[in-house]
Colleague: 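A single structure is presented below for examination.
Please read all numbers here as calculations on a predicted model, not as lab measurements. As a basis for the values below, the full set of heavy atoms in this structure was taken, side chains included, without hydrogen atoms, waters or symmetry mates. Remember, it's 1-based here, ligands and their atoms both numbered in the order they're listed.
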Amino acid sequence: MTEALNVFDYEALAASRLGAGAYDYYTGGANDELTLRENVEAFRRWQLRPRVLRDVSSPTSATTVLGQDVSLPVLVAPVAYQRAAHPDGEVGMARGTRAAGTIMCLSTFSTSSPADVAATGVDRWFQLYVPRDDALSRELCQQAAELGFAALVVTVDLPASGRRERDLRSGWVVPPEYLVSTVGLRGLRPHEFVAQVSPSVTWDDVGSLAAGTKLPVLLKGILTAEDALLAVEHGVAGIVVSNHGGRQLDGVPATIDVLGEIADAVDGRIEVLVDGGIRRGTDVVKALALGASAVLAGRAPLWGLAAAGEDGVRHVLELLRAEVELALQLLGCRSPAELTRAHVVRSPALA
Ligand SMILES: Cc1cc2nc3c(=O)[nH]c(=O)nc-3n(C[C@H](O)[C@H](O)[C@H](O)COP(=O)(O)O)c2cc1C
């Protein structure tokens, strides 16, 4: 292949470098992978409504998320076990993210320590799977705050792990040499932590989590307006509309198809982010037009990491930035802030 031109090229490069088991782990979804496919395909059913003659001579993709400046409205989603994609793992992801000028969200199940990620100087958020043990939960939140993670992203769509049949067939598990003591506490390794994720978390716990930390809390894995309203009531700073990249409950809608009703219900009271299926800058502008302040990308930067380490991460994010900027210009917008609901329409042929 000549130089990679887009995220799909990076996926092909990653597929050629990773073993089949690891590639399947990263690319796969739950059960029949209906939601996994839908996340990508649903973007194609939304079309753009460009406005012309608006002086778009100096467009910018820069914006603010939770008060933090980012150079593009794409953040790096929490993805587990990154050293199985590249020896630099989460540290490589962090350096590439920093070079591109955006925020990285570190998974609870990381294979580099939170301290090593913090040492890269990347703007960082910490993703929390709430453990059964309250004391451990408090320690994790405290560690995140001490290490300069600026927000806590609590994942709420994993009371149990989805059934990933590709992994059951391949038997792939994270190579044990990558499992350093990464939760960073009590010598717990991420695979040991999996069993400690609590299946009994409730809205009351969200209230106490938010009250017990200085960090803004976001809930990741919201798919209905009802739950979005509960999130507002429970005082969180924001939500991530997410179906976990199609890896949890198969058969739920694509996130882009529920984003509009959720953004309407929230009505600007808290920050709304979205992830799932982001592969193009045009996907990003569609999500922003439907009410998200930014998107998270999981697999896209991961393919960059697998293909070329931190340079691959940076390049994937730069490609997305260039695509976002061009889409904004062609839509008649000078910045993400100028995108409105009037810039998208559901394809009449496919609605
Ligand atoms: C291999 C893999 C591992 C993931 N690990 C986590 C995780 O540890 N915590 C979490 O909250 N989400 C995790 N996710 C979900 C992502 O944060 C994100 O919701 C999803 O990847 C978005 O879809 P996309 O990959 O199409 O961009 C993971 C996703 C993938 C693909």
Side-chain angles (χ1 to χ4, degrees), residues 7-8 10-11 14 18 21-30 33 35-43 74-86 89-90 93 103-112 114 125-131 140 151-159 161-162 164 166-167 170 172-174 178 182-183 190-191 193-194 197 201 217-223 239-249 252 254-256 259 273-280 283-284 287 292 294-306 313 316-317 320:
V7 169
F8 299 103
Y10 266 102
E11 175 163 9
L18 293 170
Y23 174 70
D24 271 346
Y25 166 72
Y26 291 118
T27 202
E33 303 188 334
T35 297
L36 175 75
R37 282 190 294 276
E38 187 66 3
N39 272 352
V40 173
E41 283 166 16
F43 275 110
V74 180
L75 280 51
V76 172
V79 166
Y81 309 140
Q82 296 180 10
R83 284 178 71 200
H86 187 277
E90 290 81 0
M93 186 71 93
I103 296 168
M104 168 173 167
C105 186
L106 181 70
S107 167
T108 300
F109 298 152
S110 90
T111 46
S112 310
W125 292 356
F126 188 78
Q127 178 263 324
L128 179 73
Y129 283 123
V130 179
L140 283 166
L152 210 56
V153 177
V154 180
T155 299
V156 294
D157 60 7
L158 198 134
S161 190
R164 324 255 169 84
R166 292 193 200 222
D167 300 342
S170 73
W172 188 83
V173 288
V174 202
Y178 299 141
T182 59
V183 174
H191 69 299
F193 190 91
V194 176
V197 175
V201 183
V217 170
L218 294 104
L219 299 183
K220 173 172 179 284
I222 300 291
L223 283 175
I239 56 173
V240 184
V241 177
S242 174
N243 54 35
H244 215 108
R247 297 165 75 82
Q248 286 296 102
L249 180 60
V252 300
T255 46
I256 195 68
L259 174 61
L273 308 182
V274 66
D275 73 19
I278 298 289
R279 304 291 183 268
R280 285 284 189 190
D283 300 336
V284 179
V295 308
L296 284 76
R299 293 180 183 85
L302 196 270
W303 300 142
L305 180 72
V313 174
V316 162
L317 293 168
L320 285 173

Colleague: Heavy atoms, side chains only, cut-off 4.5 Å: are Thr35 and Leu249 in contact?
Modeller: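 Thr35 does not reach Leu249 side chain to side chain.
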Colleague: Excluding sequence neighbours, so at least two apart, what forms salt bridge (charged side-chain N to carboxylate O under 4.0 Å, His left out) with Glu38?
Modeller: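 If we apply the salt bridge (charged side-chain N to carboxylate O under 4.0 Å, His left out) test to Glu38, skipping adjacent residues, the hits are Arg45.
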Colleague: Quick one: side-chain contact (heavy atoms from CB on, under 4.5 Å) partners of Arg166, sequence neighbours excluded?
Modeller: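 Arg166 satisfies side-chain contact (heavy atoms from CB on, under 4.5 Å) with Asp24, Thr27, Glu33 once adjacent residues are dropped.
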Colleague: Tell me whether Thr108 contacts the main-chain N or O of Gln127 through its side chain, where contact means a donor paired with an acceptor under 3.5 Å.
Modeller: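 Indeed, once roles are kept as given, a pair shorter than 3.5 Å links the two residues.
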Colleague: List below, pair by pair, the N or O atoms of ligand 1 and of the protein that are less than 3.5 Å apart, including the distance to 0.1 Å; reply 'none' if no pair qualifies.
Modeller:
{"from": "ligand 1", "atom 1": "5 (N)", "to": "Ala80", "atom 2": "N", "distance (Å)": "3.1"}
{"from": "ligand 1", "atom 1": "8 (O)", "to": "Ser107", "atom 2": "OG", "distance (Å)": "2.7"}
{"from": "ligand 1", "atom 1": "9 (N)", "to": "Gln127", "atom 2": "OE1", "distance (Å)": "3.2"}
{"from": "ligand 1", "atom 1": "9 (N)", "to": "Tyr129", "atom 2": "OH", "distance (Å)": "2.9"}
{"from": "ligand 1", "atom 1": "11 (O)", "to": "Thr155", "atom 2": "OG1", "distance (Å)": "2.7"}
{"from": "ligand 1", "atom 1": "11 (O)", "to": "Lys220", "atom 2": "NZ", "distance (Å)": "3.0"}
{"from": "ligand 1", "atom 1": "12 (N)", "to": "Pro78", "atom 2": "O", "distance (Å)": "3.3"}
{"from": "ligand 1", "atom 1": "12 (N)", "to": "Lys220", "atom 2": "NZ", "distance (Å)": "2.9"}
{"from": "ligand 1", "atom 1": "12 (N)", "to": "His244", "atom 2": "NE2", "distance (Å)": "3.4"}
{"from": "ligand 1", "atom 1": "14 (N)", "to": "Pro78", "atom 2": "O", "distance (Å)": "3.2"}
{"from": "ligand 1", "atom 1": "17 (O)", "to": "Pro78", "atom 2": "O", "distance (Å)": "2.7"}
{"from": "ligand 1", "atom 1": "17 (O)", "to": "Lys220", "atom 2": "NZ", "distance (Å)": "3.0"}
{"from": "ligand 1", "atom 1": "19 (O)", "to": "Lys220", "atom 2": "NZ", "distance (Å)": "3.2"}
{"from": "ligand 1", "atom 1": "19 (O)", "to": "Ser242", "atom 2": "OG", "distance (Å)": "3.4"}
{"from": "ligand 1", "atom 1": "19 (O)", "to": "Asp275", "atom 2": "OD1", "distance (Å)": "3.3"}
{"from": "ligand 1", "atom 1": "19 (O)", "to": "Asp275", "atom 2": "OD2", "distance (Å)": "2.7"}
{"from": "ligand 1", "atom 1": "25 (O)", "to": "Arg299", "atom 2": "N", "distance (Å)": "2.9"}
{"from": "ligand 1", "atom 1": "25 (O)", "to": "Arg299", "atom 2": "NH1", "distance (Å)": "2.9"}
{"from": "ligand 1", "atom 1": "26 (O)", "to": "Gly277", "atom 2": "N", "distance (Å)": "2.8"}
{"from": "ligand 1", "atom 1": "26 (O)", "to": "Arg279", "atom 2": "NH1", "distance (Å)": "3.1"}
{"from": "ligand 1", "atom 1": "26 (O)", "to": "Arg279", "atom 2": "NH2", "distance (Å)": "3.2"}
{"from": "ligand 1", "atom 1": "26 (O)", "to": "Arg299", "atom 2": "NH1", "distance (Å)": "3.4"}
{"from": "ligand 1", "atom 1": "27 (O)", "to": "Gly298", "atom 2": "N", "distance (Å)": "2.9"}

Colleague: side-chain hydrogen bond (donor to acceptor under 3.5 Å, both in side chains) with Gln82: which residues, sequence neighbours excluded?
Modeller: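 Scan of Gln82 (side-chain hydrogen bond (donor to acceptor under 3.5 Å, both in side chains), adjacent residues dropped) gives none.
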Colleague: Can Arg247 be said to sit on top of Tyr25's aromatic six-ring, NZ or CZ under 6.0 Å from centre and within 45° of the ring axis?
Modeller: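 Ring-cation test returns yes.
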